[in-house]
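Take a look at this one; I'll ask things after.
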Protein chains: 2
Amino acid sequence: MSDRKSRSSATGQVTLQDVALHLGISAITVSRALKTPQRVSETLRARIMSAVTELGYRPNHAARSLASARSDSVLVLVPSLSNEVFVDTLSGIHEVLIPRGYQALIGNTHYSPQEEEKQLGVFLGHNPDGILLTGLDHTPRVRQWLADCGVPVVYMMEIDDARDSRCVGLSQFDAGQVITRYLVGKGYRRIAYVAAQVDPRTLKRAEGYRAALREAGCYEAGREIWVPTPSSIGLGASLLDRLLKEQPDCDAVFCCNDDLAQGMLFQCQRRKVAVPGQLAICGFNDLAASAWTNPPITTIATPRYAIGREAAQMLLSAIDGDMPPAKLDLGFSLVERLSA
Amino acid sequence: MSDRKSRSSATGQVTLQDVALHLGISAITVSRALKTPQRVSETLRARIMSAVTELGYRPNHAARSLASARSDSVLVLVPSLSNEVFVDTLSGIHEVLIPRGYQALIGNTHYSPQEEEKQLGVFLGHNPDGILLTGLDHTPRVRQWLADCGVPVVYMMEIDDARDSRCVGLSQFDAGQVITRYLVGKGYRRIAYVAAQVDPRTLKRAEGYRAALREAGCYEAGREIWVPTPSSIGLGASLLDRLLKEQPDCDAVFCCNDDLAQGMLFQCQRRKVAVPGQLAICGFNDLAASAWTNPPITTIATPRYAIGREAAQMLLSAIDGDMPPAKLDLGFSLVERLSA
DNA sequence: TTGTAAGCGTTATCAC
DNA sequence: GTGATAACGCTTACAA
C-alpha cells in the first residue's frame with residue numbers, strides 16, 4: 001500500500017522492489033531468483049520470471065556493483081583502435097568475455113603512457129573485476145595503482161620473464177630477429193629498418209634486427225629510420241622516398257609493421273622500383289591486405305586473436321580462483337610471400 | 001573515533017568518508033569541493049584537495065551513478081570495429097565526449113539488429129546519460145526501450161526526414177546516385193553494383209545506383225551481385241573473378257565500399273585486367289589506402305569524423321538543455337581518382 | 001559556507 | 001525456502 005515504495009521516481013525504472021511488491025514478496029527473493037535460481041522454489045521462481053518480463057525489469061548495474069563490489073566488467077586498454085592488430089585482439093577478448101557474462105570497457109591510450117594513466121584513473125572508478133593491459137611499460141603511478149587496487153591484471157602482446165606478473169604474448173625481439181635472418185638468408189646485405197609510432201615493441205623488433213645483422217656481420221648503424229608519428233600507408237609511401245634518397249644502395253627493408261610496408265610497396269610501384277628485384281620489402285603483423293597486394297608482402301604473422309582469447313581466459317581464471325601468475329608465449333610465424 | 005566508519009572494508013578503497021574523517025569535516029563538503037569547487041571556501045578546498053591526493057581518493061562511479069541518477073557515460077553502438085568508417089566515427093565522438101567529462105561505452109553489434117538489442121539491454125543497466133546509435137533500422141523492442149527509458153538518442157550515418165528524432169549523417173541514396181552518374185558521365189554503360197555485408201546503407205546506395213542508371217536509360221536488373229558475408233579485400237578479389245565470369249561485358253563496377261574495390265583492383269592486377277581501361281572500379285567511403293593503390297581509387301568520401309563529432313555534440317545538447325530534435329545532413333563528396 | 005538526514009537499487013548477513 | 005535489516009559510497013534535499 002505504501003505509495004513511496006511503489007515506483008522508483010527518479011529514473012522511471014522498474015526496480016527489484018517493484019517486482020517484489022507486484023508479487024507480494026520481498027526484493028531479496030526476486031534477486032535470488034535471478035542470480036541463484038536453485039535457491040528459490042520452482043513455483044515462485046516461475047511467477048517471478050514472468051513478472052520480470054511482464055514489468056520489463058532490467059537490473060541496475062550501479063546498484064549491483066555498489067552492493068556486491070563486483071561489476072562483471074573488465075577494463076581493456078589498447079594503444080589504438082585504428083590498428084587492425086588491436087581490433088583483432090579485442091575480438092579475441094570479447095569471444096571469451098561475453099559468453100561468461102562479462103562486459104569489456106574499452107579505453108584507447110593512443111600509445112601514450114600518460115594517457116593510459118589518465119584512462120586507468122577514470123576506469124578504476126568503475127570497479128572493473130579485472131584489467132587487460134597492452135605491453136609491459138607503464139608509468140610508476142599506474143604500477144602503484146595496480147598493486148594497490150588488488151584487481152587481477154594480465155599484460156598482453158609481450159612476454160616478460162622477470163616480473164611476477166601474468167602475461168600473454170610473444171617475443172618481439174625473436175620475431176624481429178627471425179625475419180631479418182630470413183632476409184640475410186635470401187642474400188640481402190644492406191638491410192634497412194624503418195619504424196613509425198615508436199613504442200616498446202617496435203624498439204624490441206629493432207633489437208632483434210640488429211642482433212641478426214650483427215651475427216651475419218653486416219650491421220650498419222645508419223640503416224635505421226625512425227619517425228615518431230603514427231604509422232600509416234601514406235607515411236610508408238613518403239618513407240620510401242626518404243629511404244631511396246638517404247640509402248640508395250639499400251637492397252632490402254624491414255618495416256616495423258605492414259602499413260608501412262604496404263605504403264612502401266605502393267610507392268615503389270609508382271616510382272617503378274622493382275620489388276623484390278631492386279628492393280625487397282617485408283613487414284610485420286600480417287594485416288589482411290598484405291596477402292593481396294602485388295607482390296604480396298612477406299611478414300611476421302602475430303597471433304593476436306589468440307592473445308586476446310588467452311589473456312581474457314587467464315584473467316577470468318585469476319578472477320575466479322586465485323590462479324598463480326603465469327606467462328604464455330604464443331609465438332609467431334614467418335609468412336614468406338613474394339615481396340622479399 | 002568510530003571504527004566502522006574509518007575505512008571501507010570490502011574494496012580497500014579510499015572513500016569520501018575517509019577523506020572527510022581525515023580532515024574532521026563531513027563527506028558532503030568533500031563531495032562539493034570536487035564537483036562544485038565554488039561552493040566551498042578557498043582555504044578548506046585547498047586542504048581537501050591535498051588530502052584527496054594524499055590519501056589517493058578516487059571517486060566510485062557506481063555510488064555516484066546510483067545516488068545522482070547520472071553516469072557521465074554515453075552508450076555508442078556501432079556495427080563493426082574492424083571497419084575504418086566506424087573507428088573514425090568513434091574518434092570524432094571521443095573528441096567531443098572526453099573534454100566534457102563523458103565516457104563512451106562502446107558496443108559492437110556485428111551488423112545484427114538482434115545483437116544490438118542484446119547489447120542495448122545490457123548497457124541500459126549502466127544508466128547511460130545518452131545513446132548514439134548507428135543507422136535508423138532497429139528492432140521493435142529497441143524502439144520500445146528507447147522510448148521508455150527517456151534517455152536522449154542520436155542516430156548516426158543516415159538522415160531520416162520522417163520521424164521525430166535526432167540524426168546526423170548523409171543521404172546514402174544520393175551518394176550512390178552521384179557516383180553512378182559520374183560513371184555514366186564518363187561514358188560507361190554496363191555498370192555493375194557489388195555489395196557485401198548487406199545492411200540498410202548498402203541497400204540505399206543500391207537504390208541510388210538504380211535511379212542513376214534508369215535516368216540514363218541503361219539500367220539492367222542482372223548487374224547486381226549481393227553477398228551477405230562480411231566485406232573484405234579478399235572477398236573483393238574473389239568477387240572480381242565472379243564478376244568477370246558472370247558479366248564479361250561489364251565495363252565498370254561500383255563497389256558498396258572501398259575494401260571490395262581494393263580487392264577487385266588487386267585481383268585485376270593479378271589477372272592483367274587494365275583499370276580503368278578494361279574495367280573501371282569505384283568504391284565508397286574513401287578509406288585511407290584508396291589514395292595509394294595503383295591506380296588510386298575513385299570513391300565517395302563520407303564525413304565520418306564529423307558525423308561522430310556532431311552527433312556527440314547534438315547528444316550533449318540534448319542531455320543538457322532540452323534541445324528539440326533536429327536533423328543534420330553532413331553530405332559527402334565525390335573523390336575523382338584514376339580507377340574510374 | 002557547512003552540515004544532517006535520507007535514499008539511490010541491490011546484495012550480504014543473519015534470522016525464521 | 002523466504003524475509004528483515006543493514007550496508008555499499010555518494011548526492012539530493014533541506015537546515016543551520
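In what follows, every chain begins at residue 1, and chains take the letters A, B, ... in the order their sequences are listed.
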Give the rounded distance in Å between these two atoms: CD of Gln17(B) and C1' of dC10(D).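 These atoms are roughly 10 Å apart.
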Could you state the atom-to-atom distance from CG of Asp18(A) to P of dG9(C) in whole Å?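 Rounded to the whole Å, the gap is 8 Å.
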Under 3.5 Å, is there a donor-acceptor pair linking the side chains of Asp18(A) and Thr15(A)?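 The criterion, which ignores hydrogens and geometry beyond distance, is satisfied for Thr15(A) and Asp18(A).
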If you count every heavy atom of other residues, nucleotides or ligands that lies below 6.0 Å from Lys118(B) atom NZ, does the total exceed 12? no
How many whole angstroms separate atom CG of Leu34(A) from atom C1' of dG9(C)? 13 Å
Which nucleotide sits closest to the side chain of Leu66(A): dT2(D), dT11(D), dG9(C)? dG9(C)
Starting at atom NE2 of His61(B), determine the distance to atom P of dT11(D), rounded to an integer number of angstrom.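 Distance, rounded to whole Å: 11 Å.
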Using modelled atom types only, decide if a donor and an acceptor are shared between the side chain of Lys327(B) and the backbone of Val168(B) within a distance under 3.5 Å.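 Not a single qualifying donor-acceptor pair exists.
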Send over the distance from Ile48(A) CD1 to dT10(C) P, rounded to a whole Å.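 That distance rounds to 14 Å.
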Can you figure out which of dT13(C), dT11(C), dT2(C) approaches the side chain of Arg32(B) most closely? dT2(C)
OP1 or OP2 of dT12(D) under 4.0 Å from side-chain N/O of Ser68(B): no
Less than 3.5 Å apart, any donor N or O on the side chain of Gln119(B) or Thr109(B) sitting next to an acceptor on the other? no
Could you tell me how far apart Arg45(B) (CZ) and dT2(C) (P) are, to the nearest whole angstrom?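 Atom-to-atom, Arg45(B) to dT2(C), this comes out as 10 Å.
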Counting heavy atoms from C-beta on, name the nucleotide in dT2(D), dT11(D), dC8(D) closest to the side chain of Ala67(A). dC8(D)
Would you kindly give the CG-to-P distance between Leu16(A) and dC8(D), to the nearest whole Å? 20 Å
Taking the side chain from Asp129(B) and the backbone from Ser71(B), do they hold a donor-acceptor pair closer than 3.5 Å?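 Answer holds: yes.
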Side chain of Asn60(B) (C-beta onward), nearest among dC10(D), dG9(C), dT2(C): dC10(D)
Kindly say whether the aromatic ring centers of Tyr155(B) and His138(B) come within a distance under 6.0 Å.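 Yes, close enough.
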Counting heavy atoms from C-beta on, name the nucleotide in dT10(C), dT2(C), dT2(D) closest to the side chain of Leu44(B). dT2(C)
So which of residues 23-31 of chain A are in contact with DNA chain D, with a heavy-atom cut-off of under 4.0 Å? Ile25(A), Ser26(A), Ile28(A), Thr29(A)
Donor-acceptor contact below 3.5 Å, side chain Thr89(A) vs main chain Val85(A):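 Yes: the side chain of Thr89(A) pairs with the backbone of Val85(A).
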Please state how far atom CZ in Arg58(A) lies from atom C1' in dT10(C), giving the value in whole angstrom units.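 Answer to the nearest Å: 16 Å.
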With nearest nucleotides of DNA chain C determined for Arg39(B) and Arg70(A) from heavy-atom distances, which residue corresponds to the more 5′ nucleotide?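 Residue closer to the 5' terminus by nearest nucleotide: Arg39(B).
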